[in-house]
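Below is one structure, written out as structure tokens, with a few remarks after it.
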Amino acid sequence: MKCLFLIVIFVFIPIAFGSEHVLNNLNLPKSHDEFSLENNDSFFDVFCPCSSFDKSLVNEAKELTFKKISKDKKAILAASFLKPFVLSGKKTIQERREIFHRLMLKKITLIKLSAIGLRYLYLDAIFKTPLGEKISGLKVPHDHQNFLHDVIEDFTEKTLPQFKKGHLEMVGGDLKLKGEDIDYLIVGSGPAAAVIGYELVHKGYTVVMVEQGPFVIPHSVKTTQVQELKENKGSRLAKGSGIIIKNGQTAGGGTTVNIDLAFPPTEESVRFRMNAWIKEGQVDPELFDVTKISKAYDWVKRKIGTRELDADEVNPNNQILWDGSLKIGATPRRYYLNREHETHKKLSALEKLIIPAMLHKKNPLTFLSEVQVEKVLLNKKNSNVIGVKCSRAKSWPLEGKLTNLHDEIVPSEGSFNLKARNVILSAGSLGSSVILQKSSNKFKNSGKGVIFHPSMAVLGVFDKDIRNQEGLTTSVFNDYFVTNPDHGYIFESASAYPWTIAGGIFGGQIEDTFDIMKNYQSIAGFGIMLVDSVSPKNKVDVNLFNKVKVHYQLTDHDKQRLKNGLLKASEMMFKAGAKKIIIPTFESHNIFSNYKEAHQAIEKLKFKKFQNAISSAHMQSTNKMGNNPESSVVDHQFRVWNYSNFFIVDGSIFPTSVGANPMQSIYTMGKIFADTIPAK
């Protein structure tokens with residue numbers, strides 16, 4: 001897979017210790033010097049203390065990194081851009097390392113991010129070579145390139161579903177179903193969309209589902225690792241804070257790309273939020289009644305296969321969070337996961353709901369992949385919508401992807417319309433907001449008050465084997481502090497490959513990084529997921545040029561609560577036996593040998609832009625449900641205000657954070673909405 005670029009980021013929710021590179025977002029100079037072997041060797045020496053390693057392994061690693069970087073235009077541009085700072089003159093390797101370290105702390109964003117990104121790219125490449133394997137003690141897994149099957153064509157042929165063909169036609173500028181109208185057009189294919197599509201098909205309605213991303217056969221590739229299955233390849237940055245934003249953009253949405261940490265909507269932390277919504281009149285007390293929520297969620301669990309983990313599924317890495325929690329008197333718990341018991345095979349909405357609906361014998365769901373909805377078509381004569389305007393989305397050449405699911409005739413250029421009696425937006429907090437804002441300036445509340453659940457990591461180095469990649473990588477969490485107003489966060493365990501950790505050890509010199517990586521098999525980690533506050537300044541915005549921007553900054557109160565979370569995490573790590581801990585920050589030295597050192601550094605954190613590894617994978621609350629059209633987007637029946645046949649059902653309708661990982665609550669909202677629609 002071709003590398004994007006910049007900033008490694010620890011993404012514990014939903015992708016364990018995931019890494020992203022955002023040089024793709026920078027406007028680098030277009031001209032560049034030829035990237036030579038000599039240039040590569042010079043940069044390689046900056047990022048790898050070679051003197052203590054076998055010469056043949058080092059030379060092999062240099063050759064492999066050159067092959068990787070020389071194929072990436074953005075990497076070559078970054079290297080050319082930084083070359084005058086680092087390689088010119090008669091500087092020793094140590095002097096060049098110190099210069100590069102200072103570049104990563106520059107106030108000038110272009111220099112800073114170019115340096116961070118090039119550092120990550122080299123460390124990523126180095127730790128995927130035999131040299132990296134020797135340093136970390138972990139052999140690069142066969143599927144690190146994401147493919148789970150040696151012969152993908154054979155796998156595809158054996159598992160290819162036989163969907164209904166030849167029932168679509170183009171009439172003028174409209175794409176239609178032959179001989180019938182569309183009762184419900186669903187935009188998006190994530191958890192709520194999947195439930196609604198499945199239920200409405202079984203109630204006899206004609207349903208078409210439109211997804212901007214590709215349709216990848218379940219289990220054909222390691223979908224949690226494929227960046228092309230995320231919006232903007234997982235490299236969207238929040239304006240104002242530099243936080244990395246991740247949203248699924250593929251058949252099944254977030255359920256296809258996450259690691260399935262399932263927080264039931266009946267959990268205390270979620271009910272705490274829902275009860276507040278009811279009390280404030282933001283939601284219908286009947287629809288959000290705990291009995292109705294429980295019944296809907298029981299249906300979701302049965303359909304998806306959600307289960308609670310057994311004690312013997314907790315690996316040593318997760319045990320660290322368990323032990324550390326008990327040491328501070330904060331009871332830990334084992335996750336519910338959407339995974340099979342024996343194989344731990346991922347269970348997504350695509351596999352469990354969408355494909356079965358597409359294979360319905362009498363009334364199959366029609367699924368259009370790689371089709372972008374540009375806007376909703378509003379009827380100017382009355383208060384309803386007539387459909388959506390679409391175009392062909394950008395297509396990625398992915399293994400395991402199906403195209404032409406129904407032999408559809410979708411234009412490769414230009415736009416076309418899909419007309420329907422009812423339209424449901426289920427494109428997520430980003431997608432649904434963008435479509436609304438592109439449709440009309442009437443939707444003035446859309447995008448406002450976005451919630452992120454910003455997440456940050458703490459690593460611990462122990463004097464025993466942890467082997468965080470062995471067994472089920474995520475099984476333990478701690479929500480003891482989530483409803484406390486001075487805390488309000490959840491600890492979630494995770495794991496990481498060596499190249500991700502090496503690139504993410506911010507603040508330290510390269511020698512520090514390699515000293516830590518020699519102890520890779522003794523590293524454990526977990527993250528702090530903050531339940532953040534609604535701020536009117538935080539929003540999704542589409543400008544006059546149709547450019548999408550996400551504005552987000554932590555409030556002062558949220559910054560303090562995130563500090564509190566880092567302090568608690570550090571305390572747990574040390575009490576669980578860590579000899580050192582690492583916090584991914586540039587703001588100070590970030591490797592600590594005792595709690596006092598860590599405490600002093602954490603208290604001074606200001607969470608400056610691009611200087612801390614903070615990520616977001618739980619966007620919510622951009623199209624809030626409420627009792628007043630002046631302050632919300634949808635009413636208590638999920639209808640967009642003033643439109644009788646236009647609905648939004650996804651995480652964007654939550655008035656605030658739902659209080660935990662939102663996926664199971666979004667599934668449940670889909671079921672509650674579907675239950676309000678009678679059989680045809």
- Query: Step by step, would you call Asp650 with Ser426 a side-chain hydrogen bond (donor to acceptor under 3.5 Å, both in side chains)?
  - Reply: CA-CA 5 Å; Asp650 55 28; Ser426 291; 5.2 Å; no
- Message: Quick test of your reading: applying ring-ring contact (aromatic ring centres under 6.0 Å, His included), list the pairs with at least one residue in residues 248-271, sequence neighbours left out, ordered by first then second residue.
- Response: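 Every ring-ring contact (aromatic ring centres under 6.0 Å, His included) pair that includes a residue of residues 248-271, provided the two are not neighbours, is Phe263-Tyr335, Phe263-Phe477.
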- Task: Any ring-ring contact (aromatic ring centres under 6.0 Å, His included) involving residues 265-291? Give me the pairs, sequence neighbours left out, ordered by first then second residue.
- Result: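 Every ring-ring contact (aromatic ring centres under 6.0 Å, His included) pair that includes a residue of residues 265-291, provided the two are not neighbours, is Trp277-Phe654.
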- Message: Using side-chain hydrogen bond (donor to acceptor under 3.5 Å, both in side chains), reason through Asn623 and Ser432 one step at a time and then give a plain yes or no.
- Response: CA-CA 8 Å; Asn623 297 305; Ser432 292; 4.9 Å; no
- Query: Only one of Val283, Thr622, Ile648 forms a side chain to side chain contact (heavy atoms under 4.5 Å, CB included) with Ile653, so which one is it?
  - Reply: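 When Val283, Thr622, Ile648 are each tested with Ile653, the side chain to side chain contact (heavy atoms under 4.5 Å, CB included) holds only for Ile648.
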Selection [range] - residue pairs positive for salt bridge (Lys or Arg N to Asp or Glu O under 4.0 Å), sequence neighbours left out:
range: residues 524-552; value: none
range: residues 426-448; value: Lys444-Glu630
range: residues 272-282; value: none
range: residues 653-671; value: Glu199-Lys671, Lys671-Asp675

- Might you confirm whether atom NZ of Lys563 has over 12 heavy atoms from other residues, nucleotides or ligands at distances under 6.0 Å?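 For Lys563, atom NZ is crowded (more than 12 foreign heavy atoms under 6.0 Å).
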- Message: Can you confirm whether Lys609 is buried at NZ, in the sense that more than 12 heavy atoms of other residues, nucleotides or ligands lie under 6.0 Å from that atom?
- Response: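 Correct, the count exceeds 12.
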Residues in side-chain contact (heavy atoms from CB on, under 4.5 Å) contact with [X], at least two apart in sequence or another chain:
X: Asn275; result: Arg271, Ile278
X: Glu571; result: Ile328, Lys568, Lys575, Tyr595
X: Lys239; result: His551
X: Lys394; result: Trp396

- Query: What is the minimum heavy-atom distance between Val476 and Asn318, and which atoms define it?
  - Reply: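 Minimum heavy-atom separation between Val476 and Asn318: N-OD1, 3.1 Å.
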- At their closest point, which heavy atom of Ile451 faces which heavy atom of Ser621, and how far apart are they?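 Smallest heavy-atom distance, with atoms named: CG1-OG, 3.6 Å.
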- Message: Can you confirm whether Ile116 sits close enough to Phe586 that some side-chain heavy atom of one is under 4.5 Å from a side-chain heavy atom of the other?
- Response: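 With C-beta onward as the side chain, the pair touches.
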- Does Tyr489 reach the side chain of Asn484, with side-chain heavy atoms less than 4.5 Å apart?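 Contact flag for Tyr489/Asn484 side chains = no.
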- Task: Check for a donor-acceptor pair, side chain of Gln620 on one end and backbone N or O of Val450 on the other, with a separation under 3.5 Å.
- Result: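 Side chain of Gln620 to backbone of Val450, a donor-acceptor pair under 3.5 Å: no, none is there.
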- Got a donor-acceptor contact below 3.5 angstrom from the Ser241 side chain to the Tyr552 backbone?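 Checked: pair present.
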- Message: Among residues at least two apart in sequence or on other chains, which ones pass ring pair (Phe, Tyr, Trp, His ring centres under 6.0 Å) with Phe673?
- Response: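 With neighbours one apart ignored, the set is Phe638, Phe647.
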- Answer with yes or no whether the side chains of Ser570 and His599 bring together a donor and an acceptor at under 3.5 Å.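 Not at all, the side chains of His599 and Ser570 share no donor-acceptor pair under 3.5 Å.
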- Task: Check whether the side chains of Asn564 and Gln560 place a donor and an acceptor atom closer than 3.5 Å, and report yes or no.
- Result: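 There is such a pair between these side chains.
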Pair up each side-chain donor or acceptor in residues 185-196 with any protein partner under 3.5 Å, not counting sequence neighbours, and list the distances.
{"unit_1": "Ser189", "atom_1": "OG", "unit_2": "Glu211", "atom_2": "OE1", "d": "2.7"}
{"unit_1": "Ser189", "atom_1": "OG", "unit_2": "Thr250", "atom_2": "O", "d": "3.3"}
{"unit_1": "Ser189", "atom_1": "OG", "unit_2": "Gly252", "atom_2": "N", "d": "3.1"}

- Message: Using side-chain hydrogen bond (donor to acceptor under 3.5 Å, both in side chains), reason through Thr306 and Gln664 one step at a time and then give a plain yes or no.
- Response: CA-CA 9 Å; Thr306 306; Gln664 301 297 99; 3.3 Å; yes
- Checking side-chain hydrogen bond (donor to acceptor under 3.5 Å, both in side chains) for the pair Ser533/Asp558: CA distance, chi angles, key distance, verdict? CA-CA 7 Å; Ser533 312; Asp558 286 350; 2.9 Å; yes
